[in-house]
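Beneath this line is the structure, given in structure tokens, with notes to follow.
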Amino acid sequence: MAVVLGLDAKLLRGVAGSTGSTEVKNVKDLTLNLESGEADVTTRATKGWRATVATLKDASLEFGILYDTEDADFTAFSDAYFNNTPLALFVTDGDGNGLDADFSITGFSVEQPLEEALSVSVTAKPTASERAPQWKTGA
């Protein structure tokens, strides 16, 4: 089994409508949340057991970046949030496996801890686009 470290993973950004190709170097911890809605399909045939099928998939990204107004990544996410402009984001394990979609920046929270550098907590969710979210495998 090959162990993949988080520091080898990548977040790539770009212009909406295409796969992101610019690596976001300013990103800290990142979480890719994936879940599905559910539909109850219980019938008498399930013999007393509730049966469920997955419906619509849902995704979101949560990550931190350092607050640096001279950093191109910070500026890209800030502009996308304040101007409601979608970004292409590709969240990959570093080997080309991951989610590729156009995202809206739905959260941009500035954190000002007393003894740490200013940072921003960013939330991104897939947005309406000609390009449906896609799970890619391999480089």
Side-chain angles (χ1 to χ4, degrees):
M1 173 175 98
V3 175
V4 180
L5 299 177
L7 63 89
D8 295 328
K10 295 180 180 175
L11 174 62
L12 305 171
R13 67 172 174 81
V15 177
S18 62
T19 298
S21 59
T22 301
E23 185 176 356
V24 180
K25 299 276 191 175
N26 188 6
V27 71
K28 294 184 90 171
D29 296 337
L30 182 145
T31 300
L32 170 59
N33 301 300
L34 299 170
E35 37 183 83
S36 294
E38 301 176 353
D40 184 342
V41 293
T42 306
T43 66
R44 291 182 181 136
T46 61
K47 300 184 185 208
W49 288 91
R50 184 170 310 278
T52 305
V53 295
T55 59
L56 299 175
K57 290 178 177 33
D58 192 17
S60 67
L61 298 176
E62 298 172 7
F63 58 93
I65 58 175
L66 292 178
Y67 187 99
D68 180 355
T69 58
E70 295 180 8
D71 177 70
D73 296 323
F74 173 88
T75 302
F77 290 110
S78 175
D79 289 350
Y81 176 75
F82 287 108
N83 298 320
N84 294 323
T85 307
L87 286 174
L89 297 176
F90 179 31
V91 184
T92 174
D93 60 2
D95 286 331
N97 303 299
L99 185 66
D100 179 22
D102 291 341
F103 286 79
S104 285
I105 306 305
T106 60
F108 193 81
S109 301
V110 178
E111 300 168 359
Q112 300 178 352
L114 187 60
E115 293 187 350
E116 300 290 333
L118 267 66
S119 62
V120 178
S121 178
V122 178
T123 302
K125 295 183 179 182
T127 191
S129 170
E130 295 292 320
R131 210 168 67 91
Q134 176 184 4
W135 186 265
K136 292 188 172 183
T137 55

Which atom pair, heavy atoms only, marks the closest approach of Asp93 to Val4? O-CG1, 3.8 Å

Test log, rule side-chain contact (heavy atoms from CB on, under 4.5 Å), inputs Phe63 and Val24: CA-CA 11 Å; Phe63 58 93; Val24 180; 5.5 Å; no

List the atom pairs, with distances to 0.1 Å, where a side-chain N or O of residues 107-126 and a protein N or O form a donor-acceptor pair under 3.5 Å, not counting sequence neighbours.
unit_1	atom_1	unit_2	atom_2	d
Glu111	OE1	Ser119	OG	3.3

So side chain to side chain donor-acceptor pair (under 3.5 Å) across residues 66-77, not counting sequence neighbours, yields Arg13-Asp73, Asn26-Asp71

Do side-chain atoms of Asn83 reach the backbone of Asp79 as a donor and acceptor pair under 3.5 angstrom? yes

Output yes when a side-chain donor or acceptor of Ser104 lies under 3.5 Å from a complementary backbone atom of Thr106, and no otherwise. no

Of all the heavy-atom pairs spanning Ala59 and Leu99, show the shortest one and how long it is. CB-CD2, 3.8 Å

Grab the two heavy atoms, one from Gly20 and one from Ala88, that are nearest each other, plus how far apart they are. N-CB, 3.9 Å

List the atom pairs, donor and acceptor, that lie under 3.5 Å between side-chain atoms in residues 48-56 and the rest of the protein, sequence neighbours left out.
unit_1	atom_1	unit_2	atom_2	d
Arg50	NH1	Asp40	OD2	2.8
Thr55	OG1	Gly37	O	3.2
Thr55	OG1	Glu38	N	3.4

Is it the case that atom NZ in Lys25 sees more than 12 heavy atoms from other parts of the structure closer than 6.0 Å? no

Using the side-chain hydrogen bond (donor to acceptor under 3.5 Å, both in side chains) rule, take Asp102 and Thr127 through it: C-alpha gap first, then chi angles, then the decisive distance, then the call. CA-CA 6 Å; Asp102 291 341; Thr127 191; over 6 Å; no

Side-chain donor/acceptor of Arg131 to backbone N/O of Ser18, under 3.5 Å: yes

Is Phe82 linked to Leu87 within one hydrophobic cluster, defined over Ile, Leu, Val, Met, Phe, Trp and Tyr using a side-chain heavy-atom separation of less than 4.5 Å? yes

Distance-minimising heavy-atom pair for Asn33 and Glu62: ND2-OE2, 3.4 Å

Provide the closest heavy-atom pair for Leu66 versus Phe74 in the form atom of the first, atom of the second, distance. O-CD1, 3.7 Å

For the pair Asp58 (side chain) and Ser36 (backbone), establish whether a donor and an acceptor sit closer than 3.5 Å, ignoring hydrogens and angles. no

